[in-house]
Amino acid sequence: MRWRLASDPPPEMFSRFPELPATAVRLLWNRGLRTQEQVDEFLMPDYGQDLHDPFLFRDMEPACARVWSALKAGEPIVVYSDYDADGVTGAAVLVSTFRAAARKLGADPELIGSYIPHREREGYGVRSEAVESLAKAGTRLIVTVDCGIGSAAEVDLARKLGVDVIVVDHHQVPERVPDCLTIHPLAPGETYPYKHLAAVGVAFKFASAFIDFAGERGAAFEPGFGKWLLDLVAIATVTDFMPLVGENRTLERYGLVVLNKTRRPGLRKLVEAAGLKFGDLDTVAVGYYIGPRINAASRIDHGRLAFETLMAETDEVAAPLAEKLDRLNSERQRYTDEIVTAARAMIGDGGGRKVQVLAGDGWASGIVGLIAGKLAGELGVPVFVFGRDGDKLVGSGRSAAGFDVMAGLDRTKRFLSRYGGHPQACGLTIIGEDNFQGFRQELEAYAAEALAGQDLRPAVEVDAELKLSEVTWELVEWLEKFEPFGEGNQRPKFLLSGLQVISSQTVGKTGKHVRLGVLGDRPKESKLIGFNLAAAAAAF
């Protein structure tokens, strides 16, 4: 483990913002914020000003029109989503909105259905078998969420079967894109200015536009309907590791407000099951307690369980669903720990590899992404973990050290059956041991090139070096202005150097924490506490 101290901003950055404390200026600089407009949006996000018009998406108007015509004609609509928290919350956003519109039009809200593929049996993305089944059942419009941009062939099949498709996605765009209406910030020629929305964020934009579209045609939603969807947006923007800057920061800030007073019985029961308190829910609560319970559904059982929990309309329906998600999450934690132990044994000392590729018989595809993420954080190198079932290997990759996992998959695609994802995370399927070994060798060669000369030891990113006298309540108040914390805006870390330790004491019921008495540039002793650091302190 090493420290990596951020470089100081240039002098003109401090002179540009003389009203701000020097430490705040450093934090803004470290987060890539340079202009007055960027700083104002970051420190004082405004729901009315800092969210872009959803109709800036080039296909938004015709997409709204297609859903409107389906509702008016009584055509069955299916929202086809991914099984993770981003897909499930995005599906809940659109199904809730379209069903509300159906009621206003006197249509049957049950004509708006959902389809979530089984993680193990079907895997990620739109499947041709599912398209055929939905078409046979009478579906005339499919709206994908958190998938679809890589499903050009399946969209072609849907059109042949008389089914229109609207793709709502945010994943990396392949060479061939579907020939259909597409709401995707990274789509070729897209005019929407913000490119880093989670899929639930894109779904929220669709819902927001449709609410306006319907209102202009005499089907006005209740005031504030769109804002009450933000609890779902707040969850997946964190769980999908979207950067909490720009528009995402505004969505997350207001989304946490809504989450803390959510009207959804399922979410309320899920929060209770996790032992959390309303009013205290932040990105930590979302990332470590709420999100994992939603994701546990598809990892251990079926993603539909999470969707049904979010859509539950009464406490009586919601309570047993939330309790089951809580139990599944505990089972997931135990299973994850077992595989992490086995994976560490496979890795050994790492052998100097710049990428780790691991596979285990029977490792569940719903767990391998968690393993890859945990090991990548520990090792400081990209990690790909596969579950092997016969000659089929289903895996996930997680980035480290700025490595673009999708570029690695593009380089090795001749060995892959399916793949997709982001530069930081991906999913892939390989058929046959020969292809697996070929993938491993080619990926190791690519990583050796891409990461040549880089120090891959895990690093603690330090925002600034402080004197002890600079740790004040004013600093604490300024740090609160930087919330919510998450991807692209991590909780700040500071370095205090030149201190003299004059006392050390373990504290806590189990003695896992340590309290230090130190002398610095203050005249009196200061007390510091390190949570879960007693063992590390003892080593010194």
Side-chain angles (χ1 to χ4, degrees), residues 1-11 13-14 21-33 241 243-245 283-284 287-288 344 347 349-350 352-356 373-383 398-403 424 447 450-472 475-476 478-480 482-483 485-504 506 512-522 525-540:
M1 185 67 70
R2 58 198 169 97
W3 304 96
R4 187 155 55 201
L5 182 62
S7 58
D8 284 335
M13 182 70 179
F14 292 99
T23 301
V25 174
R26 286 187 171 90
L27 295 178
L28 294 168
W29 174 266
N30 295 347
R31 284 146 185 74
L33 305 170
F241 302 103
L244 294 187
V245 293
T283 54
V284 173
Y288 288 93
R344 286 182 181 137
I347 294 169
D349 63 4
R353 294 186 179 87
K354 296 187 183 299
V355 62
Q356 290 288 343
K374 188 174 185 65
L375 295 175
E378 292 178 0
L379 302 172
V381 300
V383 177
R398 295 296 183 268
S399 177
F403 183 84
Q424 295 80 29
L451 300 175
Q454 293 193 33
D455 186 346
L456 301 180
R457 291 175 299 163
V460 175
E461 303 290 343
V462 179
D463 279 282
E465 185 172 4
L466 298 179
K467 297 177 181 179
L468 199 56
S469 60
E470 293 176 304
V471 181
T472 64
L475 174 61
V476 172
W478 268 101
L479 293 181
E480 290 175 348
F482 279 73
E483 294 182 359
F485 298 118
E487 192 72 17
N489 178 37
Q490 296 292 339
R491 190 176 297 274
K493 295 183 179 69
F494 301 104
L495 172 64
L496 294 172
S497 60
L499 301 182
Q500 179 186 356
V501 179
I502 59 175
S503 66
S504 175
T506 58
K512 293 193 303 182
H513 316 308
V514 63
R515 179 187 292 127
L516 300 178
V518 301
L519 292 176
D521 64 338
R522 285 174 173 164
E525 176 186 356
S526 296
K527 296 290 187 180
L528 308 178
I529 188 162
F531 293 106
N532 299 310
L533 290 177
F540 293 95

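Along the sequence shown, residues carry numbers from 1.
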Side-chain heavy atoms of [X] within contact of [Y], under 4.5 Å:
X	Y	result
F482	L28	yes
T283	Y288	no
V514	S504	yes
F485	L244	no
R353	V381	no

| request: Could you tell me whether the side chains of E465 and S497 share a donor-acceptor contact shorter than 3.5 Å? | output: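 There is such a pair (donor and acceptor under 3.5 Å, judged by atom type) between the side chains of E465 and S497.
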| said: Rounded at 0.5 Å granularity, tell me how far CG in D8 sits from CH2 in W29. | reply: 10.5 Å
| remark: When rounded to the nearest 0.5 Å, the distance separating NE2 of H513 from CD1 of I529 is 7.0 Å
Minimum-distance pair of heavy atoms, taken over all atoms of [X] and [Y]:
X	Y	value
A400	A376	CB-O, 4.2 Å
R31	G488	CG-O, 3.7 Å
A452	K354	CA-CE, 4.5 Å
Q356	L379	CG-CD1, 4.0 Å

Run the salt bridge (Lys or Arg N to Asp or Glu O under 4.0 Å) test against [X] and tell me which residues pass, sequence neighbours left out.
X	result
E483	none
R491	none
E525	K527

Could you tell me which residues satisfy side chain to side chain donor-acceptor pair (under 3.5 Å) with [X], sequence neighbours excluded, listed by chain and number?
X	value
R344	E378
N30	D463
D455	R457
R398	none

| said: Any side-chain to backbone donor/acceptor pair from Q454 onto L451? Under 3.5 Å, distance only. | reply: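 Such a contact is absent between Q454 side chain and L451 backbone.
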| ring-ring contact (aromatic ring centres under 6.0 Å, His included) involving F241 - partner list, sequence neighbours excluded |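 Scan of F241 (ring-ring contact (aromatic ring centres under 6.0 Å, His included), adjacent residues dropped) gives none.
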Apply side-chain contact (heavy atoms from CB on, under 4.5 Å) to [X] and list each qualifying residue two or more places apart in sequence or on a separate chain.
X	answer
P21	A24, E474, W478
V25	M13, F14, F17, L20
L468	L496, L499, V518, D521, R522, S526
T506	A534

| said: Applying side chain to side chain contact (heavy atoms under 4.5 Å, CB included) to L466 and L495, what does each step give before you reach the verdict? | reply: CA-CA 6 Å; L466 298 179; L495 172 64; over 6 Å; no
| task | Kindly determine whether L27 and F494 satisfy side chain to side chain contact (heavy atoms under 4.5 Å, CB included), including the steps that lead there. | result | CA-CA 10 Å; L27 295 178; F494 301 104; 4.2 Å; yes
